[in-house]
Amino acid sequence: MTAAIFGLWRNWAVAVGLLTVLVFLSPLIPLQWLPPVNVLFYFALQVIRRYLTSRSVPTCGRFLQEVSVVMLITALFVIWLYFIGRGADLYELTGQPYDASVPVIAILVTAPVTSVVTGLYLLNRREPRICVNCHANYGNVVEFGFIGDLYRREWRYQTRLLFWLSTLLTIVDWAYYLAFYVNVNLNRADLFFFLWMPMAIYAVSLLFLGMRYYSLWNYYCRNDEEHFVENPGTTTLRYLVLSDDRLLLDSVSDRSVFGNGSMVKFVDTPVVVRIPYTRRVSEMEAAQHFRSRTGINGAEIRLAYDSPDHVTFQNIFHYFAFLDDPDEVVDSRINGEWFTFGRLRQLINQKIVSRNLTAEIRRVVTVAMAWKTYDENGRRLYGIKHYRPTFHLRDLRKWQVDYNDKRWLDVALLNQDSAFFSLRRLWRKIIGMFAWQTY
């Protein structure tokens with residue numbers, strides 16, 4: 001928890017700090033070096049993000065990715081503004097002549113670009129690829145656990161804060177630039193508005209967020225009476241009970257989803273076992289827990305994948321339980337109704353399936369479809385572009401697919417049917433050369 005909470009402050013310090021460094025470097029370096037420095041900082045943020053997200057403790061790299069996009073767009077904008085769009089005769093927007101000896105005021109570019117980019121991120125309701133990869137790496141701990149809720153909430157808070165600060169700087173600095181700036185040299189007023197004010201805002205933001213995250217840490221990590229962990233040290237075993245082409249489901253809870261208080265029943269697998277926390281569960285132990293819970297002896301138990309949790313110690317193991325005959329459930333200790341995959345998809349679209357089961361089905365289907373369609377390098381197994389094989393629940397028993405192998409989740413996102421497949425793979429390899437793994 002300490003690493004998770006203070007990691008949010010570190011992300012702000014590094015990402016916004018590099019933006020502030022750009023503001024100070026712009027008057028000191030030649031104009032032609034400004035875009036390469038932006039690209040270098042972009043590359044540095046990518047490496048830092050890859051390093052942090054490779055660790056066993058979940059780390060949110062979404063804010064770093066967002067600021068790295070600001071770096072790249074700023075570099076492209078500077079190239080267009082000063083090298084392509086202006087031609088041979090350069091002039092300031094105020095009409096004053098411009099030459100290579102006049103310092104570049106980077107804040108006039110970085111502030112509005114940051115404002116636009118962060119605003120678009122706030123308006124976008126779809127989770128970016130970096131979040132999808134994080135869910136794949138850490139499972140339900142990040143997707144549904146406290147750490148994931150904390151990261152989603154604080155990413156939006158930091159992004160909103162950066163949006164308003166950059167918007168404020170855009171308005172103030174552009175108003176000063178248009179009204180008072182003379183491109184002869186940087187006087188004291190210029191230095192204050194273009195250099196010292198952004199630096200002061202950055203310093204104040206560090207202090208403000210430091211106090212915020214210290215308060216969060218003090219509440220969640222030191223106040224034992226109100227600690228967020230309701231069931232500390234718990235391992236959950238979830239079994240997807242399958243027979244031929246059907247899945248066993250049962251109503252598990254009522255939840256109010258409407259403003260008038262109407263209740264909707266949510267369905268989930270009827271076989272969920274909770275035991276004291278353990279890092280590993282053998283197949284024999286998993287089969288014993290299934291028999292004790294259901295009274296069914298002939299089920300074939302097979303591990304699908306696991307969701308580790310090295311922070312709150314609330315890990316989950318996801319299993320398949322294959323039955324030869326669906327009537328074995330009749331005299332057992334569990335109840336439920338058999339559903340086909342088509343009917344299950346309808347329930348998921350209607351949002352009346354539990355979040356855990358929805359995540360499990362999506363994980364299994366995504367990995368299985370990637371395994372059936374592409375090789376491990378993301379290249380098509382069939383000559384037909386965008387071909388999608390069929391998926392049937394009855395095939396899960398005979399498939400030898402490692403749903404725990406995150407490479408297939410990566411292939412599902414980046415494959416030969418994706419745009420700029422080769423270029424994106426090359427860029428990943430370049431970044432990966434500098435991002436080492438830590439466990």
Side-chain angles (χ1 to χ4, degrees), residues 135-136 139-140 143-144 236-252 265-273 283 286-287 289-291 293-307 316-374 381-382 387-409 411-413:
H135 295 165
N140 295 48
E143 195 166 3
F144 303 131
T236 302
L237 312 180
R238 292 178 49 84
Y239 300 84
L240 300 181
V241 183
L242 297 138
S243 181
D244 191 36
D245 208 27
R246 291 178 294 175
L247 174 68
L248 185 66
L249 300 178
D250 193 17
S251 298
V252 295
K265 285 188 175 295
F266 279 72
V267 297
D268 195 4
T269 176
V271 187
V272 179
V273 179
E283 291 187 4
H289 286 301
F290 181 83
R291 286 195 297 269
R293 172 67 179 84
T294 65
I296 299 175
N297 296 318
E300 177 187 344
I301 307 301
R302 189 187 306 171
L303 176 66
Y305 67 97
D306 64 274
S307 299
I316 304 175
F317 292 87
H318 311 265
Y319 292 92
F320 295 127
F322 298 107
L323 302 183
D324 294 326
D325 188 349
D327 292 336
E328 294 182 59
V329 177
V330 175
D331 297 324
S332 68
R333 302 190 186 102
I334 58 175
N335 298 310
E337 180 182 349
W338 293 100
F339 287 82
T340 63
F341 181 63
R343 178 57 179 152
L344 177 60
R345 290 179 60 182
Q346 292 178 356
L347 297 179
I348 292 176
N349 292 334
Q350 295 169 6
K351 301 186 184 303
I352 57 175
V353 177
S354 72
R355 296 194 304 175
N356 282 322
L357 181 59
T358 300
E360 287 168 340
I361 296 301
R362 287 176 177 169
R363 172 77 170 252
V364 169
V365 173
T366 299
V367 171
M369 289 297 96
W371 173 76
K372 290 188 68 176
T373 311
Y374 310 98
L381 298 177
Y382 308 93
Y387 171 72
R388 298 289 294 173
T390 57
F391 177 87
H392 297 286
L393 292 175
R394 62 174 174 267
D395 294 329
L396 292 174
R397 191 168 188 174
K398 63 184 179 181
W399 285 342
Q400 298 299 319
V401 185
D402 185 2
Y403 300 95
N404 231 1
D405 190 345
K406 300 178 180 62
R407 289 179 300 177
W408 292 115
L409 292 168
V411 167
L413 293 170

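Starting from 1, each residue takes its place in the sequence as its number.
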Could you report the tightest heavy-atom contact between [X] and [Y], atom names first, then the distance?
| X | Y | value |
| --- | --- | --- |
| W338 | L323 | CH2-CD1, 4.2 Å |
| P326 | R246 | CG-NH2, 3.5 Å |
| I348 | V353 | N-CG2, 3.7 Å |
| L248 | G336 | CD1-C, 3.6 Å |
| I301 | A287 | CG1-CA, 3.9 Å |
| P270 | D250 | CB-CB, 3.9 Å |

Listed by chain and number, what are the side-chain hydrogen bond (donor to acceptor under 3.5 Å, both in side chains) partners of [X], not counting sequence neighbours?
| X | value |
| --- | --- |
| R343 | Q346 |
| D402 | none |
| R291 | none |
| N404 | D306 |

Could you check whether any side-chain heavy atom of [X] comes within less than 4.5 Å of a side-chain heavy atom of [Y], counting everything from C-beta outward?
| X | Y | answer |
| --- | --- | --- |
| T236 | N356 | no |
| F266 | L357 | no |
| D324 | E300 | no |
| D245 | T340 | no |
| L237 | V271 | no |

Is it the case that the side chain of [X] and the backbone of [Y] share a donor-acceptor pair, with hydrogens and angles ignored and the cut-off at 3.5 Å?
| X | Y | result |
| --- | --- | --- |
| R293 | I334 | no |
| K372 | L381 | no |
| T373 | R388 | no |
| D244 | R394 | no |
| R238 | T269 | no |
| Y239 | V273 | no |

Give, for atom [atom1] of [X] and atom [atom2] of [Y], the distance between the pair rounded to the nearest 0.5 Å.
| X | Y | atom1 | atom2 | value |
| --- | --- | --- | --- | --- |
| Q400 | W371 | CD | CH2 | 8.0 Å |
| N297 | S332 | CG | OG | 11.0 Å |
| Y374 | M369 | OH | CE | 11.0 Å |
| I361 | F341 | CD1 | CZ | 7.0 Å |
| K351 | N349 | NZ | CG | 8.0 Å |

TODO: With sequence neighbours left out, write down each residue that passes salt bridge (charged side-chain N to carboxylate O under 4.0 Å, His left out) with R407, or none if nothing qualifies.
DONE: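 R407 satisfies salt bridge (charged side-chain N to carboxylate O under 4.0 Å, His left out) with E376, D405 once adjacent residues are dropped.
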TODO: Please state whether the rings of Y403 and F320 are parallel, tilted or perpendicular, taking 30° and 60° as the class boundaries.
DONE: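 Plane angle over 60°, so perpendicular.
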- [ ] Look at the rings of W399 and F391 and say which category their plane angle falls in: under 30° parallel, 30 to 60° tilted, over 60° perpendicular.
- [x] tilted
For atom [atom1] of [X], decide whether the heavy atoms of other residues, nucleotides or ligands shown that lie under 6.0 angstrom number more than 12.
| X | atom1 | answer |
| --- | --- | --- |
| D331 | CG | no |
| E283 | CD | no |
| R397 | CZ | yes |

TODO: Could you walk me through whether R363 and T366 pass the side-chain contact (heavy atoms from CB on, under 4.5 Å) test, one step at a time?
DONE: CA-CA 5 Å; R363 172 77 170 252; T366 299; 6.0 Å; no
Task: Those residues that, when tested against F339, pass ring pair (Phe, Tyr, Trp, His ring centres under 6.0 Å) (two or more places apart) - done: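 With sequence neighbours excluded, F339 shows a ring pair (Phe, Tyr, Trp, His ring centres under 6.0 Å) to no residue whatsoever.
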Task: Pair L344-L249, side-chain contact (heavy atoms from CB on, under 4.5 Å): steps then yes or no - done: CA-CA 9 Å; L344 177 60; L249 300 178; 3.7 Å; yes
